[in-house]
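Computed over heavy atoms, backbone and side chain alike; hydrogens, waters and symmetry mates excluded. For ligands, and for the atoms within them, numbers begin at 1 and follow the listed sequence.
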Amino acid sequence: MKTHTLLMPLDMHLHLRDGVMLENVAPLTAYSFSGAIVMPNLVPPVSTLEDIQAYKKRIMAAVPNDFFEPYMTLFYKNYDKAFLESVAGELTAIKLYPAGITTNSEGGVSSFDIEEMRPTLEAMSALNIPLCVHGETDGFVMDREAEFMSIYELLASNFPDLKIIMEHITTKEAVDMLEKHDNLYATITVHHLLLTLDDVVGGMMMPHNFCKPIAKRPQDLDALLSIALEAHPKVMFGSDSAPHPQEKKESCGCAAGVFTAPIALQLLCEIFEQYNKLDNLQAFISDNAQNIYGICPEFKEVILEKRAFVIPEHYSNVVPMYAGQAINWAIASVD
Ligand code: DOR
Ligand code: ZN
């Protein structure tokens with residue numbers, strides 16, 4: 001049987017939530033990933049030292065014996081330098097949301113006034129704290145990410161020593177932006193390597209494929225595939241796996257978020273094999289992230305095998321992407 005081995009997989013953008021949901025989903029990621037950047041968009045958001053420490057404890061308590069490192073993040077506000085110095089040792093990055101742009105982002109940034117942000121972003125540069133950005137404006141839904149490119153431009157040129165991660169990119173414009181500034185990096189989800197807008201609303205409406213940023217056009221998908229399959233050194237895997245209870249997805253006012261945490265590695269093997277690029281998957285799934293973030297995860301070896309695997313209909317009360325469908329790769333073992 002054909003197999004493929006991945007070492008220390010990392011998910012550089014993950015929503016773990018809290019409470020019962022955390023207990024249900026954290027073990028699924030901890031099983032096959034060495035670590036994950038954990039998003040801070042709880043209610044209320046993770047925004048103090050105590051929040052970070054207490055959330056990390058809850059994550060560790062939810063994870064069984066598997067080794068798993070939650071890389072903690074803080075919800076961006078215009079923090080002062082003294083505060084950032086006091087939390088720097090406890091976090092891996094700071095996540096910036098434009099206010100109201102997505103789930104639980106109401107307390108985010110409402111004006112990208114560079115001078116107002118300067119003290120915080122200069123302190124982050126000095127402390128080597130990366131800035132992870134949800135890059136969407138409040139414009140027309142298909143243009144939101146492309147419209148945000150001018151803000152990336154402003155951030156990258158004003159703060160050349162700040163590592164800026166363009167999170168979950170979905171457009172050719174973002175792929176092109178990556179080359180324009182040395183300090184810009186990106187994460188790509190697995191669902192954005194598979195879906196276009198047609199898979200969300202082109203036929204029957206598919207709530208489990210609905211997320212923000214929404215999947216775009218075929219040419220955008222091609223641009224994302226081109227840099228992911230080559231494992232462009234500035235690009236890393238970040239699932240943006242965002243669990244919502246089934247009733248919040250299959251309802252009027254469907255919550256944004258695609259749940260892929262337990263099937264991401266299998267789907268990535270399928271995609272990379274399809275394009276004959278399996279040899280590049282290790283860099284996309286771990287090595288690039290280690291280089292970009294300067295992290296060194298503990299050893300974990302995941303062996304996948306090429307055989308039919310039917311994606312479960314549910315993981316507790318969360319419906320994964322492609323629920324009930326057969327894919328070609330399965331996890332054989334984790335050590
Ligand atoms: O689809 C999304 N879901 N996009 C985000 O930015 C947030 C996420 C969530 O937290 O549910
Ligand atoms: Zn996210």
Side-chain angles (χ1 to χ4, degrees), residues 10-19 21-22 24-26 29 33 36-47 55 59 70-76 92-109 130-138 141-142 144-145 148 164-171 174 185-197 199-201 205-216 236-251 253-261 264 289 315 317-321:
L10 294 170
D11 183 344
M12 303 309 283
H13 183 130
L14 177 67
H15 297 270
L16 285 176
R17 315 298 192 205
D18 216 340
M21 183 64 94
L22 169 66
N24 287 333
V25 300
T29 289
F33 287 85
I37 296 265
V38 181
M39 290 297 126
N41 63 331
L42 304 182
V43 185
V46 177
S47 47
Y55 189 32
I59 294 167
Y71 297 105
M72 303 306 292
T73 65
L74 192 69
F75 190 95
Y76 183 93
T92 303
I94 295 181
K95 175 68 186 285
L96 184 156
Y97 290 93
I101 210 69
T102 189
T103 312
N104 305 336
S105 63
E106 290 70 23
V109 170
L131 178 73
C132 300
V133 181
H134 183 118
E136 288 195 285
T137 67
D138 60 1
V141 66
M142 289 294 279
R144 286 175 190 176
E145 184 173 290
F148 199 87
I164 301 169
I165 324 286
M166 302 190 286
E167 295 291 336
H168 43 54
I169 59 170
T170 61
T171 56
Y185 302 85
T187 57
I188 301 181
T189 74
V190 68
H191 50 282
H192 290 120
L193 293 176
L194 290 165
L195 306 176
T196 69
L197 185 65
D199 300 299
V200 188
V201 290
M205 194 165 83
M206 305 301 257
H208 300 294
N209 292 345
F210 170 63
C211 65
K212 291 183 176 178
I214 202 156
K216 304 289 190 313
M236 325 162 251
F237 174 65
S239 70
D240 198 16
S241 178
H244 293 277
Q246 183 170 9
E247 66 275 11
K248 292 263 161 62
K249 292 291 291 175
E250 298 175 5
S251 76
C254 165
V258 176
F259 183 60
T260 54
Y315 289 89
N317 66 336
V318 182
V319 178
M321 178 167 135

So is E167 in contact with ligand 1, going by heavy-atom distances below 4.0 Å? no

Could you see which bit of M39 sits under 4.0 Å from ligand 1, with heavy atoms only: side chain, backbone, both or neither? neither

Measure the shortest side-chain to side-chain distance between Y185 and P130 over non-hydrogen atoms and say whether it is less than 4.5 angstrom. no

Among the N, O or S atoms of D240, the one nearest the Zn ion (ligand 2): OD1

Do any N or O atoms from the side chain of K249 and from the backbone of F210 form a donor-acceptor pair under 3.5 angstrom? yes

Nitrogen or oxygen atoms of A242 and ligand 1 under 3.5 Å apart: no

Side chain to side chain donor-acceptor pair (under 3.5 Å) test vs H13 passes for just one of D240, T187, T73, namely D240

Part of N104 with heavy atoms under 4.0 Å of ligand 1, whether side chain, backbone, both or neither: neither

Working to 10°, measure the angle at the Zn ion (ligand 2) formed by atom NE2 of H13 and atom NE2 of H15. 110°

Do any of the N, O or S atoms of E167 sit under 2.8 Å from the Zn ion (ligand 2)? no

Is there a donor-acceptor pair closer than 3.5 Å between any side-chain N or O of N104 and the backbone N or O of N41? yes

State whether a side-chain donor-acceptor pair under 3.5 Å links K216 with T170. yes

Is a side-chain N or O of Y97 found less than 3.5 angstrom from the main chain of G135, in a donor-acceptor match? no

When every non-hydrogen atom of Y76 is compared with those of V109, the smallest separation belongs to CD2-CG2, 3.5 Å

Could you work out, for atom 11 (O) of ligand 1, the closest of R17, H168, H15 by heavy-atom distance? R17

Separation of I94 CD1 from L74 CG (nearest 0.5 Å): 5.0 Å

Which option out of T102, L42, D240 puts a heavy atom nearest to atom 7 (C) of ligand 1? T102

What protein heavy atom is closest to atom 4 (N) of ligand 1, reported as residue, atom name and distance in Å? K212 O, 2.7 Å

Is there at least one pair of N or O atoms, one from Y97 and one from ligand 1, spaced under 3.5 Å apart? no

Please determine which of H15, H134, H192 meets the ring pair (Phe, Tyr, Trp, His ring centres under 6.0 Å) test together with H168. H134

Heavy-atom contacts with H134 under 4.0 Å: which atoms of ligand 1 show up? List them by number with element. 6 (O)

Ligand-side contact atoms (ligand 1) for residue partner C211, heavy atom cut-off under 4.0 Å: 1 (O)

Check this for me - ligand 1, A256, N or O atoms closer than 3.5 angstrom, yes or no? yes

